[in-house]
Amino acid sequence: MTELVNLPKKRKGESTNWWEEDELDDFSIQKWKSLEHHGVIFPPDYIPHSIPLFYDGEAISLTPEQEEVATWWSSVIGTEWETKEIFRKNFEHNFLKLFTSDHKIKSLDKCDFKKIAEYVEAQREIKKARLPEEKKQEREAKQKIDEEIGYGIVDGKREKISNIIVEPPGLFRGRGQHPKAGYIKARLRPEDITINVGKSNLVPKCPVPGHAWKNVVHNSYVTWLAYYKDPELSFSNVKYVYLAASSKFKGLNDKLKYEKARKLRGLIDGIRSDYFDKIKKDNQVNKQLGTALYLIDKLALRVGNEKTEDEADTVGCCSLKVSNISFKENYQITLDFLGKDSMRYFNTVSIDPNVHENLKKFVEGKGQDEELFDLITTSSLNEYLKTFMKSLSAKVFRTYNASVTLQMLLAKFNNKKMQVEEKVQFYTDANREVAILCNHQKSTPKNFEVQMEKMQDKLKDKLESLSLLETHLKGFLSKKIAQNADKKLPTSEENTRKAIVRAKTSVKNMEIKLKMKDDNKTIALGTSKINYMDPRITVAWCKNNEVPIEKVFPKALRSKFIWAMYTEPAWEF
DNA sequence: TTGCGAGACTCAGAAATATTAAT
DNA sequence: TATTAATATTTCTGAGTCTCGCA
């Protein structure tokens, strides 16, 4: 068989790859024995431009601190953030705090950022107009720094670090209706950073003279190299600095995740009959547990933890509200809610009659804003899952169902003679099914309609020239070529026939392309590929069907899934 | 006994950037 | 062949899940 994947060959005396080692249990307790790295990189300092802000027509000169924040706002002007109510309100509140109470600046509405916005725009233009040579130099300088600082050494092995530059200051952009959108993210200093290194390894040097790390710890039970928290944003989460997806830390956990989902495959029949039992039980708590798990399993919903007031109001299965569900004929329900990242889940499905009956009962006598599953929590649901398998939790069902769906769809492939492009198409169609199952969406690309029209026009042109060729052929057959003796048309019958075949393929390809573009308009294919579908299914399928792996996994995914590249063609999930 | 928050990790789509195709 | 437009890929950082320990 042709070599479809370039795999590193093992040399004599070289240590084995982690995925060939037998230390999975060990990893679950201690993550490393030695850990060495260079700490983190701070984004460049702010360079003031001294352009004033106009307030009530009067030029106000700003301190560098005020100016930096004003410049962030200026770069938001013209985007939808500018008019987003919460964003605007929070920004105003926090911006005004930068001025003393007797300062004349009292309202965002009266602030005129025009001059600063012009400056921001000019800077953008300058950046855009960089010569290819300049861009290349910049890229190389970046790579050099990355090469020097962007790697750590874990148990003697050099590993790439993912987010080595700490997050730059700016305006917090929450997703959906985030109550804190528009708050100011502070500039981080070394005093905000906690470093994790091996006890006998060198502590990374603090890159800012006269400053020091907040803390240095030696915690070998975690995989993070550093962490920090915005000192100003009380609601913000801790940010960790981790190794990149290609590392052993990430790869091993990833492999374990898929192995867990495979274990679930072996248990799924038992689990399903158990939750159907519960669905029919008298006990209301059990009824809710069974019903919720049914939805998680069938519709690949997230479990839906409780959220605080400082977060956008989104839900998952256990936090569904009465208002999110409506009942239809023939045991159908419609679920309509905002899920993770405030992405809308909107789906009408037929469900089991018992489940339908239960859900109707759960809703009875409750207000629109009350919880559908009021007697259970995400913890109690996960506890129930633990009775089947020690490490089972709700999210495993998403991984399991995504992988099983992909494998089932790919198994339908039966035309090895197809062109590689068509095979990739087939794979993408399967990928899309999974993405739809997991509700992975993206916003419609800019200019989508215009692009579609352009393609439609092209298709029309192609169809026209095809029909022209066909009449031309008829001309040959009836020996009446003279009337359409166009100089561009083939001069022989044989060539006309060939041209018709070519034109037909071209039309077909255009139609496929058009359909694909439309089908993928709002579907995000990447998320399921990166996080849900066991990569070994893809690798095995590619090997079976002579599809080069780089046609479906770009470089980053091939290194993330390096452990899966050795999968045998006969492998099954 | 449970409920709650800290902690650590996975998983999200948008935006930025790189590559490829079209003109 | 050089621009420009479209598309593919990577980066960025926000938003989830889930476990654990403590009151």
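Here the structure is a predicted model, which is why all the values come from computation and not from measurement. Letters A, B, ... mirror the listed sequences (proteins, then strands); counts begin at 1.
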Requested in this report: Ignoring hydrogens and angles, state whether a donor on the side chain of A/Gln30 or A/Ser220 is under 3.5 Å from an acceptor on the partner side chain.
Outcome: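 The answer is yes; a qualifying pair exists.
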**Report entry** Residues A/Thr399 and A/Lys257: side-chain donor-acceptor under 3.5 angstrom
**Finding:**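 Checked: A/Thr399/A/Lys257 side chains show no N/O donor-acceptor pair below 3.5 Å.
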Near-ring test [Y]/[X], centroid separation under 6.0 angstrom:
X        : Y        : answer
A/Phe553 : A/Phe561 : yes
A/Phe172 : A/Phe235 : yes
A/Phe91  : A/Trp73  : yes
A/Trp81  : A/Phe87  : yes

Residues [X] and [Y] bridged, charged N to O under 4.0 Å:
X        : Y        : value
A/Glu259 : A/Lys263 : no
A/Lys515 : A/Asp518 : no
A/Arg187 : A/Glu68  : yes
A/Asp336 : A/Arg344 : yes
A/Glu85  : A/Arg88  : no

Taking only the side-chain nitrogens and oxygens of [X], find out if one of them lies under 4.0 Å from OP1 or OP2 of [N].
X        : N      : answer
A/Tyr240 : B/dT10 : no
A/Arg558 : C/dT9  : no
A/Lys250 : B/dT10 : yes
A/Lys395 : B/dT10 : no
A/His178 : C/dG14 : no
A/Asn531 : B/dA12 : no
A/Arg175 : C/dG16 : no
A/Thr314 : C/dG16 : yes

Scan [X] against the nucleic acid and name what it touches under 4.0 Å (heavy atoms): base, sugar-phosphate only, or nothing.
X        : answer
A/Gly316 : nothing
A/Lys517 : sugar-phosphate
A/Thr378 : nothing
A/Lys386 : sugar-phosphate
A/Val238 : nothing
A/Asn382 : sugar-phosphate

Side chain of [X] (C-beta onward), nearest among [options]:
X        : options                : value
A/Ala394 : C/dC18, B/dT10, B/dC11 : C/dC18
A/Lys340 : C/dC18, B/dA12, C/dT13 : B/dA12
A/Ser393 : C/dA15, C/dC18, B/dG13 : C/dC18
A/Thr399 : C/dA15, C/dT13, B/dC11 : B/dC11
A/Lys555 : C/dT10, C/dG14, C/dC18 : C/dT10
A/Arg139 : C/dA15, B/dA18, B/dC9  : B/dA18

Requested in this report: Between A/Tyr242 and A/Met343, just flag the one whose closest nucleotide in DNA chain B comes earlier from the 5' side.
Outcome: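 In this pair, the answer is A/Tyr242.
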Query - 5' priority, DNA chain B, between A/Ser379 and A/Thr527 [closest heavy atom] - result: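 Looking at the nearest nucleotide for each, A/Ser379 comes out on the 5' side.
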In whole angstrom, give the distance that lies between atom [atom1] of [X] and atom [atom2] of [N].
X        : N      : atom1 : atom2 : value
A/Glu421 : C/dA8  : CD    : P     : 12 Å
A/Lys31  : B/dG7  : NZ    : P     : 17 Å
A/Tyr400 : B/dT10 : OH    : P     : 23 Å
A/Lys136 : B/dT17 : NZ    : P     : 19 Å
A/Asp230 : C/dT13 : CG    : C1'   : 13 Å
A/Glu140 : B/dT17 : CD    : C1'   : 16 Å
A/Lys127 : B/dA15 : NZ    : P     : 15 Å
A/Phe172 : C/dC12 : CZ    : P     : 18 Å

Query raised in the report: Near DNA chain C, under 4.0 Å by heavy atom, which residues of residues 432-461 of chain A?
Result: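 Contacting residues: A/Gln451, A/Lys454.
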Requested in this report: Check the angle between the aromatic planes of A/Phe573 and A/Tyr400 and answer parallel, tilted or perpendicular using the 30° and 60° thresholds.
Outcome: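 It falls in the tilted class, 30° to 60°.
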**Report entry** Residue closer to the 5' end of DNA chain C, A/Phe553 versus A/Glu311 (nearest nucleotide)
**Finding:**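 Its nearest nucleotide being more 5', the pick is A/Phe553.
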**Report entry** Base partner of C/dT1, which must satisfy Watson-Crick or wobble distances under 3.5 Å
**Finding:**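 C/dT1 is unpaired by these criteria.
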Query raised in the report: Of the residues in residues 215-227 of chain A, which ones touch DNA chain B at a heavy-atom distance under 4.0 Å?
Result: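 Those residues are A/Val222, A/Thr223, A/Trp224.
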